[in-house]
A.B. asks: 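Can you keep this structure in mind? I'll have questions shortly.
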2 protein chains.
Amino acid sequence: MKKHYATLKDVAERAGTTAATVSYVLSESSTRYISEEMRRSVLNAARELNYIKCSGASSLRGKKRKMIAVLVPQFENQFFTRIVLATEEVFDRHGYILTICNTFDDAEREQDILNRMQQQRVDGYIITPTKEGVANTKLLRQLGVPMVVVDRPLQGIDDYYWVTTRNYQCGYVGAQYLISKGHTRLGFIGWDSGIPDLLNREQAFFDAARDHGLAREGLVAVDGGFTMEEGYRMTAKLLDERPELTALLYGYNIQAKGGIRCLMDRGINIPDALSVVIIGSPEWVSAGKNNFTHVNQGDYELGCKAANLLLEVINGDGKVPVKHIIQECTLVEGESVCAL
Amino acid sequence: MKKHYATLKDVAERAGTTAATVSYVLSESSTRYISEEMRRSVLNAARELNYIKCSGASSLRGKKRKMIAVLVPQFENQFFTRIVLATEEVFDRHGYILTICNTFDDAEREQDILNRMQQQRVDGYIITPTKEGVANTKLLRQLGVPMVVVDRPLQGIDDYYWVTTRNYQCGYVGAQYLISKGHTRLGFIGWDSGIPDLLNREQAFFDAARDHGLAREGLVAVDGGFTMEEGYRMTAKLLDERPELTALLYGYNIQAKGGIRCLMDRGINIPDALSVVIIGSPEWVSAGKNNFTHVNQGDYELGCKAANLLLEVINGDGKVPVKHIIQECTLVEGESVCAL
DNA sequence: TACCGATAGGCAAACGATTGCTTAACGCAT
DNA sequence: ATGCGTTAAGCAATCGTTTGCCTATCGGTA
């Protein structure tokens with residue numbers, strides 16, 4: 001038994017013709033006359049041999065690979081899982097397949113993965129870059145390979161396609177909601193990412209408080225790593241150092257998960273003893289007994305928009321103008337905030 | 001400015017040699033004498049031109065693509081997300097990239113996706129097949145392309161690599177736990193998948209009850225679609241038709257999520273009014289205020305085992321004996337079951 | 001002097017698909 | 001009889017890498 005995929009030549013042989021003709025038949029090119037008889041015979045041969053075109057070979061002649069690369073920092077973070085899900089659905093419809101890699105927010109790893117993707121000559125990139133994203137994507141940008149950046153920005157440059165959350169608004173609506181319920185002593189827990197755009201969440205927290213006349217002394221923000229454990233640690237720290245706080249705004253769902261674990265461990269009742277709002281909408285905020293007030297960033301839509309934009313760029317022949325798409329967020333009221 | 005990746009020939013030209021020599025230098029082949037001077041010069045040229053090998057071209061000459069295909073039915077189901085995550089980590093370490101596709105449990109879609117993957121000539125497959133998996137993977141199996149089946153079986157055949165959960169045990173330990181707490185009127189909610197191995201969960205539910213002397217009349221099972229909505233519907237049905245039940249065993253986390261939403265909507269207290277055990281361990285069962293008793297299938301480990309097995313098969317030169325790896329599950333005690 | 005084993009590297013043929021160039025037969029009009 | 005448009009399909013170059021085969025120089029030895 002043959003242990004390899006059938007080639008054009010195999011099909012040609014069986015159909016009594018040459019590879020060229022088979023290629024023309026299978027690509028349904030209209031630029032060439034093919035007799036009905038020949039067409040039939042080729043199609044039969046192809047079916048009988050289970051012919052499957054080798055995309056690697058055809059891409060050598062300039063055809064598309066029909067492959068998209070997706071790079072995310074935390075694949076298991078539902079924010080990203082949903083972006084990937086949306087991307088997959090969009091590209092699936094157009095016959096593409098997705099290659100997905102986890103950078104773990106590690107710049108070296110990102111470079112390594114981008115390298116592998118470039119070896120595959122994928123047609124386009126959807127990427128949530130690390131802080132070294134600008135350097136790591138330099139070659140791609142030089143070559144003009146289609147790329148859409150999602151969520152986090154490429155720092156220091158401006159001419160790239162970007163789809164992101166209105167981060168400032170996320171922080172603002174979250175804080176505003178707490179204030180509207182009468183809270184005046186608020187804590188913010190965030191990520192010390194060093195990424196300017198993300199820091200807007202915290203800035204907005206302070207701005208909202210100021211805009212509503214709250215005293216600066218009642219406010220506190222603490223920043224740490226982008227993990228559950230750090231969320232737990234920072235929550236414990238706030239509880240210990242600022243017992244007068246009546247509400248917490250979590251800037252990131254991953255940290256919120258750990259933080260709320262801390263509240264549970266200490267037997268703190270939500271919302272009676274402490275009110276909580278979370279930016280982000282992982283499944284758990286409203287599953288089972290949970291019903292947390294949170295800010296929905298529209299994860300799935302973000303993914304759809306990024307994917308559609310990338311598709312446009314890929315098919316756009318260099319003519320799609322650079323744009324930044326910024327998606328509004330919405331507050332979803334749950335039962336984790338009490339009125340004071 | 002050049003708008004394409006540098007080729008071996010480009011590098012050769014700059015280094016004052018030929019493509020062959022460059023290839024030998026870059027592949028660090030020891031079968032060829034290369035002067036230190038030439039090596040240096042080639043490496044410099046390659047760096048200066050940002051040379052990145054085209055894996056498509058080199059695979060034409062029989063090299064590995066360094067690509068793995070992963071097909072799952074529900075990417076956003078954390079059971080599968082974790083399997084993918086584990087697979088990614090294992091293969092990343094070996095320089096592979098993953099292509100991931102969502103079949104949505106649709107056989108036609110599965111066939112279509114497999115076709116695209118085969119066009120890419122990926123080196124191996126990790127697949128949770130649909131019911132038509134046997135037919136859809138026929139060519140792959142004929143050609144001997146490395147493949148590991150995960151979770152669900154290929155129906156009707158036996159000679160394939162398989163990594164799965166001990167489904168019977170999942171059902172058994174879940175039911176047994178409820179019985180040990182004094183429950184005698186139990187409901188099981190499951191999936192009418194028609195997949196023999198999965199049906200063992202329900203069979204075990206009845207077996208455990210029988211083994212512990214429970215009356216068959218106190219037991220009821222209902223099966224439906226593999227969605228949240230169906231979980232909701234079936235739960236409502238059981239509540240209406242069998243109000244005497246004191247405990248529910250959910251066979252699948254997706255259905256459990258909808259089912260528990262139903263219990264919440266009706267204001268049913270867990271565990272005081274109704275006890276609940278869930279097979280599977282999505283994040284939400286123990287996040288926030290939730291602490292559901294559940295059966296942990298070791299999703300991540302399942303993925304690791306599948307990935308490692310596939311790696312073995314890929315590197316094993318056809319010598320790895322067919323095997324079925326069946327992973328034990330463990331009951332994780334929460335607070336969703338009351339003692340009667 | 002003739003020969004041999006290292007050392008070094010060029011040449012060209014694959015791999016599978018695509019496509020421009022060419023040929024050839026046919027029918028029909030000049 | 002010549003020419004031309006139409007229909008049909010073969011030939012061969014090409015994409016970027018890999019690798020077997022060959023050549024050429026050098027120092028040393030018989």
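Reminder, nothing fancy here: chain letters follow the sequence lines and each chain counts from 1.
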A.B. asks: I'd like to know if the side chain of B:Asp317 and the backbone of B:Lys319 have a donor-acceptor N/O pair within less than 3.5 Å.
C.D. replies: no
A.B. asks: Starting at CD of B:Gln120, measure out to OG1 of B:Thr99 and round the result to the nearest 0.5 Å.
C.D. replies: 8.0 Å
A.B. asks: With a 4.0 Å cut-off on heavy atoms, is A:Ser55 in touch with a base, just the backbone sugar-phosphate, or nothing at all?
C.D. replies: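 The residue A:Ser55 makes no contact with any strand.
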A.B. asks: Can you list, in residue-number order, the parts of residues 57-64 of chain B that come under 4.0 Å of DNA chain C, counting heavy atoms only?
C.D. replies: B:Leu60, B:Arg61
A.B. asks: Name all pairs fulfilling the side-chain hydrogen bond (donor to acceptor under 3.5 Å, both in side chains) condition that reach into residues 145-155 of chain B, sequence neighbours left out, sorted by first residue then second.
C.D. replies: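 Passing the test, one end in residues 145-155 of chain B: B:Asp105-B:Arg152.
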A.B. asks: Can you check the A:Leu8 CG to C:dT18 P distance for me, whole Å?
C.D. replies: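 Those two atoms, CG and P, are 6 Å apart.
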A.B. asks: With a 4.5 Å cut-off on side-chain heavy atoms, are A:Val42 and A:Ile34 touching?
C.D. replies: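 No. Closest side-chain heavy atoms not under 4.5 Å.
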A.B. asks: Could you tell me whether the side chain of B:Asp159 and the main chain of B:Val322 form a donor-acceptor pair under 3.5 Å?
C.D. replies: no
A.B. asks: Can you give the first and last nucleotides of DNA chain D, 5' to 3', that have an atom under 4.0 Å from a heavy atom of chain A?
C.D. replies: D:dT7 to D:dG16
A.B. asks: Determine the sole option in A:Thr103, A:Asp106, A:Asn136 for which the side chain to side chain contact (heavy atoms under 4.5 Å, CB included) test with A:Gln111 is passed.
C.D. replies: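 One option only clears the test, and that one is A:Asn136.
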A.B. asks: For the residue pair A:Trp162 and A:His324, does the interplanar ring angle fall in the parallel (under 30°), tilted (30 to 60°) or perpendicular (over 60°) class?
C.D. replies: perpendicular
A.B. asks: Can the positive tip of B:Arg121 be found less than 6.0 Å from the middle of the six-membered ring of A:Tyr5, inside 45° of the ring normal?
C.D. replies: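 Geometry flag: set, cation within 6.0 Å and 45°.
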